[in-house]
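First the proteins, then the strands, lettered A, B, ... as listed; each starts at 1.
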Amino acid sequence: MTESSRKILVSSALPYANGPIHIGHMLEYIQTDIWVRFQQHRGHQCIYVCADDTHGTPIMLKAQELGITPEQLIAESKKDHKADFDSFLINFDQFHSTHSDESREVTELIYNRLNEAGHISRRTISQLFDPEKEMFLPDRFVRGTCPHCDAEDQYGDNCDSCGATYSPTDLINPSSAVSGAVPVLKDSEHFFFKLQNFEEMLQKWIRAGHIQEQIANKLDEWLEDGLREWDISRDAPYFGFEIPGQPGKYLYVWLDAPIGYMGSFKALCNRRDNLNFDEYWAPDATTELYHFIGKDIVYFHSLFWPATLAGSGFRTPTAVWAHGFLTVNGTKMSKSKGTFIKARTYLDHLNPEYLRYYFAAKLNNRIDDFDLNLEDFQQRVNSDLVGKYINIASRTAGFIVKRFDGQLTADCSELGLLAEFQQQADNIAQFYEDREFGRAIKAIMALADKANQYIADKEPWKLIKQQGGEAETQAVCSVSLNMFRLLSIYLKPVLPNLIENVEAFLNVEPLSWNDHQHLLIDHKINKFMPLMQRIEKDDIDAMVEASKETIKVTVPEITPASNATSYIEPIKETIEFHDFDKLDFRVVKIVKAEHVEGADKLLRLELDIGNETRQVFAGIKSAYKPESLEGRLTVMVANLAPRKMRFGMSEGMVLAAGPGDSDIYILSPDDGATLGMSVK
RNA sequence: AGCGAUUUGGCGCAGCGGUAGCGCGUUGGGCUCAUAACCCAAAGGUCCGAGGAUCGAAACCUCGAAUCGCUACCA
C-alpha cells in the first residue's frame, strides 16, 4: 500500500510572454496541477516548475510597438500570468522567467557542451532582410502576393487562400510586415544543431514508453523523413541570449525555452536547502522528470529537447505527456463568439474550482481535443458538486449539530459500506496516477450517489421523530459524514480550496490521501455552511459577453467616495447602450396578488401588460400585503427568460428598491402612464 | 496536399470482436433532511456513410465524408 516516497519534478509548458493567459492554457496548467497535488497528497516529493517564455522576435517587436523595453514587457506579462495562475490555484513551487540569470547559465552551459561535442555546425544562409529596420525577417513577418493563386497579403510561408507552401523569397511584391519596406536578400552565418546525430538515440527513446503511442506514431513519420539540422541562431537585433563568444548572434528562442524548466528549477534550488540540481538533471538521475505539453509542441519536446539534453550530458525526461486542444461549444475559441475566454475574464465571473472540476471530470491521458461545452459545464458542476457531493453533508450535518451538539458517534456503524468507500482509494489513485482524471471523478461520483441513496434509504428525518430514534439518527448521519469525508479526500487534488473549507467544517487537520484508512469517530464537527454556490447561467452569459471583442472601452476607474455611507452598493461595471437596450421594461398593472402556500418570501402576482397577463413570483412578502398591491401600477422586466420555480413559472420580474426584508419598495410610474408602455 | 486525432441517444462521454452503456437533460412517480436539491422508474440511438475479412462488429480492413489540428529556420 505505502510505496516508498518518490522524487518527482514536473513542468507545464511555458506561456509566451506576449499575451494573456486564456482558458485553453488553463487546461494544461490545471491538468498538471491536479497531478502534482495528487502526488503531494500521497506523500511524495513532487516539485512543480514553470516560467514565462520571454525571447524571440514577436516580443521584441511588441515591446517596440508599445514603446517600452522587452524587459518591461516581460515583467508586466509575468506579473499578469502569475496572478492568473495563483487565482486558478496553480501551485507552482517556482514560476520563473527564461530571461533570468539561472536560465542564461544553463543555456550557455548546454550550448558550450553541444559545441564542444561537435553537435553544432555553421554555414551561411540567405534570408530576407528588412533594410529599414535592419533586421532579418522571420517568414511570418513577410507579406506578399501568393505565387500560386495571386491572393494578396499572404504570409511568407504559406497561403491562407490556396494553402500552397513556399519560401518567402517566392512571394510576389514582398513587403516587411514590420516596416512595409521591400525586403532584400542578405547573407548571414547561422549556427545549426545537428539533430541527425541523435537519430538512433531518438528512435529508441520514442519507443521506450516515454511518450504516448499516438505521438510516437507521429514521430516515426518525422523520423522516416530523416532528421535535419536545426537552425538555432538569429542575428541581432533579437531579444534573447547571445551565443557565447559570438557577438551579434543570438540563440533561437526555441532552444532556450525548454531550458527554462531547468533554469526555473535551479532558481528554486538556490532558495531551498533540501534540493539538489544534479539529483534531478544528472545523466544517471533516479528521480522522475515529467513535462506536460500541448500536442502542438510535441516536435520540440520529443525530438529537439531529448536530443539537446542527451547531447549536453543531462538526463532525458521520464515522460513527455501531451494533451489535446481546448474547444468551446464544439469549435475553436472565437473572439467574435465570445468563446476566446481569458483567464482573467473567467475569474471575473466564475469560481476557478468550477473549471478545475469540469476539466478533471473529462480529462484522460490521450491527446483528444477537449470540448468545454458551457451548458454541460453548468449542469455537470452544479449537479455533481452541489447536488451530489456537498449535498451529503448539507442534508445530514444539520441533525448532528442541532440535535447532538456536533458530536459524531463513538462507534461507527455500517463498517461494511464505509469499507467499500475506503477500498476505492487504490482504484481512484491509479486513475489519478495514469492521468485518467475523468475515470477518477466517475468513480468518486458513483460513491456520492451511493451515499445519497443510503441517506434516502435510512430516512433520518423520520428516525429523529420516532421515539428512541435519536441514536440511529446520529449513527446514520455520522456514517454519511464519514462518506463525505472520504470523498473529500479523493477530491482534494482537484478542489483544494473547497476541501480546505470542508476541513474547517469537519474540524480536522488538513486531509492527506492515507487518511482514508481511518474514520472520524467520537468527533465534534462545526456548523455546516454552504461550501459552494451553483453556477448561474447569467454568470456564464456575462463572461461570454465580456469576451466578445468589441471596440475597446475604457472602463472608468470607480472610486467610491471614502465617506460614503456603507450600505450603498458599489456601482456595477459600465455597460454599453446596446446592453441596456436589451432590457424591456413595461408599465404593468397588478391585477392579482396572493400568498403562495409553502413559500416564506414569495407573493404570486398576476400582471396585466396590456396584451397579455404574466405570472410573476416576487420576493416581497415581508414588505407588502397582497391586497395592498392589487390594482397598482408598477414596472416589470418583460423580456426576462421565464424561470421555473418550485411553485410555478415566473415570467418576469418586478422592479423594487431596497436591501431586502421589510425594506422593499416597488416602483410606481407617475400619473398618466398606462398599461404596456415601454419604459426607457 | 500529406499526416494525426475525433465522429456512439438532446448535450457531454464510456465501450474497442458476441447484436449498445454512463452522467446531465426530458417525462412520470416518490420524498421533504438538504443550495428548486435527493430517491425510484420510463422514454430516447440504422454506434458518420459505403464496401469487405469473420459464425458474429460500434469495435478489424478498404474507400469516402465531416470537424479539429500538425507539417521543424512561426510562436
Run the ring-centre check on [X] versus [Y] and record whether the distance is less than 6.0 Å.
X: Tyr389(A); Y: Phe484(A); result: yes
X: Trp230(A); Y: Phe304(A); result: yes
X: His323(A); Y: Phe370(A); result: no
X: Phe198(A); Y: Phe193(A); result: yes
X: Tyr238(A); Y: His55(A); result: no

Classify [X] by what it touches in the nucleic acid, base, sugar-phosphate, or nothing, heavy-atom distance under 4.0 Å.
X: Ser383(A); answer: sugar-phosphate
X: Phe141(A); answer: nothing
X: Gly56(A); answer: nothing

Side chain of [X] only, please: which of [options] is the nearest?
X: Lys462(A); options: rU32(B), rA72(B), rG23(B); answer: rU32(B)
X: Ile390(A); options: rU35(B), rC73(B), rG4(B); answer: rU35(B)
X: Met532(A); options: rC73(B), rU35(B), rC39(B); answer: rU35(B)
X: Lys442(A); options: rC24(B), rG12(B), rC22(B); answer: rC22(B)
X: Val386(A); options: rA34(B), rU35(B), rG12(B); answer: rU35(B)
X: Ile367(A); options: rC39(B), rC33(B), rG4(B); answer: rG4(B)
X: Arg534(A); options: rC22(B), rA37(B), rC73(B); answer: rA37(B)

Taking 4.0 Å as the cut-off, does a side-chain nitrogen or oxygen of [X] come that near to OP1 or OP2 on [N]?
X: Lys362(A); N: rG12(B); result: no
X: Arg234(A); N: rC74(B); result: no
X: Gln453(A); N: rC40(B); result: yes
X: Asn452(A); N: rA34(B); result: no

Distance check needed: [N] [atom2] versus [X] [atom1], whole Å only.
X: Leu255(A); N: rA72(B); atom1: CG; atom2: C1'; value: 14 Å
X: Asp369(A); N: rG69(B); atom1: CG; atom2: P; value: 8 Å
X: Phe528(A); N: rA34(B); atom1: CZ; atom2: C1'; value: 8 Å
X: Gln379(A); N: rU35(B); atom1: CD; atom2: P; value: 21 Å

> According to the Watson-Crick and G-U wobble definitions, with both distances under 3.5 Å, which nucleotide is paired to rA1(B)?
Replying inline: rU71(B)

